[in-house]
*Asks:* 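One structure is given below, represented as structure tokens, and several questions about it will come after.
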2 protein chains.
Amino acid sequence: MPESSTSDTRERLISSAADLIAASPGEDFSLRAVCDAAGVKMPTLYHFFGSKQGLIDAVVAHGFDLYLGEKSAMESSGDPIQDIRAGWDAHVAFGLANPGFYTLMYGKVRPGYSPAAQSRPSEILRGLADRAADQGRLVVPPEQAAAHVLVTNIGVTLRQIVLARPDPALSAAVREGTIAAITGTAERPAAPLTTAVEIAAARPEILGRTQTQLLVEWLTTIAAHQED
Amino acid sequence: MPESSTSDTRERLISSAADLIAASPGEDFSLRAVCDAAGVKMPTLYHFFGSKQGLIDAVVAHGFDLYLGEKSAMESSGDPIQDIRAGWDAHVAFGLANPGFYTLMYGKVRPGYSPAAQSRPSEILRGLADRAADQGRLVVPPEQAAAHVLVTNIGVTLRQIVLARPDPALSAAVREGTIAAITGTAERPAAPLTTAVEIAAARPEILGRTQTQLLVEWLTTIAAHQED
DNA sequence: ACAGAGCTATAGCATTGATATGAACGGAGC
DNA sequence: GCTCCGTTCATATCAATGCTATAGCTCTGT
């Protein structure tokens, strides 16, 4: 069984690198330290990964496996918008729990450089946005909605990492602001009337059944005139 | 006049470093290259800045001077929300025009590390948020509004840098989504009722004066019950 | 048993950030 | 005028880093 030993060394190198990165998140790490921790010498590392960037890529891919592994356990609530919400929170939680991985994945800003593994969560998000668009839930093209969510989600996560201070309220505010922006809860001028109808219809005991029905009728009349 | 020469060498070092950084944005740079470009040897650099981080800090401070210099030219439109809009666009424009500086300022993500110079634009933003709050324009505490704007503004700028592709539509969408979120155009549960009242009151001819008055009264009743 | 492929070690290179030592220079005080 | 001292800068060097050339080891397939 050669693959046991080969795979073992490779995984041990990745695991050692991951440990070092997790031990000093955001800091640079030394290949020799990785080799010492793995009990190997440098040419072995170079045999498997070719360069430091190759090792980093492998570690990042490993990090995304972890991330998507956690995430896949709770997928598909049925509602794409709700899935985006859950994905947002999972994204932030992963970043705060694994700042070392996360800074490698999204914190190394360099023009034109985005690790290939980044595309996986991006495509999941794009799929959710497409489904939401199919259901008519979006007021912007699905690709822009996905980009909007991704950008703000990464932004709020990175910021919490650099400030070394989780801020659930901020994350929730940005999340809801983003979802409102792509679903257009804010900007349709006719929406307040529709919402008012829903609110009134939900509590018929306040005004009584008859008055509520009349209220709904009147509001609908006004809404009809608004379309002009 | 010794201060002429001292200041000269120091500035020349910063300028050389800035040039190198601008020449290969996001990449690491060598102190020897900086010294060669400035026509000095390394101990001179260490005399002025003490360490590489010291030089980076000086360059970052210089970058913020540039940024705030551009920005101060167009301050104070009178409306704090409008100022936030203009500040957003200036922020993105500076990041895209100076990706080297920008990645040093906001792209080096490391837990607990935020350059001191970052606080300057942050405080300007905080001031605008306070003014907006004084005018009753915000539905969230001013510190959270400022954090929300800063986070999303940085996020959308960093993303455009890593993708090496300006996306004005995305920037505008995120900007307006953020402003909507902090000014509460979207999320107050009582807002639809209030807005419906305004819409109905604005067009009394649709239902007639009496019915409109009654409608407003009923909507207000429901709104009062909503507060429970 | 033999050859070849895959894996690993020894040793070394060039570059990097950082420092110890000391020389040149100009102003301050006796 | 002369010495003293702080500022500024160069020579030389260190330790650590990423990377590689060469060669030896082990295991597999025939």
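Quick note: numbers below take in every heavy atom, side chains included, and nothing from hydrogens, waters or symmetry partners. Residue numbering restarts at 1 for every chain, and letters A, B, ... go by the order of the sequence lines.
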*Asks:* Measure CZ/A:Phe49 against P/D:dT20 and give the value in whole Å, please.
*Replies:*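 Rounding to the nearest Å, CZ of A:Phe49 and P of D:dT20 are 16 Å apart.
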
*Asks:* Using a cut-off of strictly less than 4.0 Å between a heavy atom of the residue and any atom of DNA chain D, enumerate the qualifying residues of residues 23-36 of chain A by number.
*Replies:*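 Residues of residues 23-36 of chain A under 4.0 Å from DNA chain D: A:Phe29, A:Ser30, A:Leu31, A:Arg32.
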
*Asks:* Check the orientation of B:Phe94 and B:Tyr67. Use parallel for under 30°, tilted for 30 to 60°, and perpendicular for over 60°.
*Replies:*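 Geometry flag for B:Tyr67 against B:Phe94: tilted rings.
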
*Asks:* May I have the distance from A:Lys52 (atom NZ) to D:dT17 (atom C1'), rounded to whole angstrom?
*Replies:*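 Those two atoms, NZ and C1', are 8 Å apart.
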
*Asks:* Return the nearest nucleotide to the side chain of A:Lys41; candidates are C:dA9, D:dC19, D:dT8.
*Replies:*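 Closest nucleotide to the A:Lys41 side chain: C:dA9.
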
*Asks:* Any side-chain heavy atom of B:Val139 sitting closer than 4.5 Å to one from B:Ile182?
*Replies:*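 Contact flag for B:Val139/B:Ile182 side chains = no.
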
*Asks:* Among C:dG17, D:dA10, D:dC19, which nucleotide sits nearest the side chain of B:Tyr46?
*Replies:*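 Of the candidates, C:dG17 comes closest.
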
*Asks:* Please state how far atom CE in B:Met42 lies from atom P in C:dT19, giving the value in whole angstrom units.
*Replies:*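 So the two atoms are 10 Å apart, to the nearest Å.
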
*Asks:* Quick check: on DNA chain C, is the nucleotide nearest A:Pro43 upstream (toward 5') of the one nearest A:His47, or the reverse? Name the residue that is more 5'.
*Replies:*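 Result: A:His47.
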
*Asks:* Counting only side-chain nitrogens and oxygens, does B:Thr9 get under 4.0 Å of the OP1 or OP2 atom of D:dT8?
*Replies:*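 No, outside the criterion.
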
*Asks:* Mind telling me whether A:Phe64 and A:Tyr106 have parallel, tilted or perpendicular rings, with 30° and 60° as the class edges?
*Replies:*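 Perpendicular: the ring planes of A:Tyr106 and A:Phe64 meet at over 60°.
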
*Asks:* Between B:Ser51 and C:dG17, is there a side-chain N or O to OP1/OP2 distance below 4.0 Å?
*Replies:*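 For C:dG17, OP1/OP2 do not have a side-chain N/O of B:Ser51 under 4.0 Å.
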
*Asks:* Tell me, yes or no, whether the heavy-atom count around A:Arg165 atom CZ, taken from other residues, nucleotides or ligands under 6.0 Å, exceeds 12.
*Replies:*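 It does not: A:Arg165 CZ has 12 such atoms or fewer within range.
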
*Asks:* Whole angstrom is fine here: how far is it from CZ in B:Phe48 over to C1' in D:dG6?
*Replies:*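 The distance from CZ of B:Phe48 to C1' of D:dG6 comes to 13 Å, rounded to the nearest Å.
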
*Asks:* Less than 4.5 Å apart, any side-chain heavy atom of A:Ile179 and any of A:Arg175?
*Replies:*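 Heavy-atom side-chain distance check passes, below 4.5 Å.
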
*Asks:* Backbone N or O of A:Val40 within a donor-acceptor pair of the A:Thr44 side chain at under 3.5 Å?
*Replies:*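 Side chain of A:Thr44 to backbone of A:Val40: no pair is present.
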
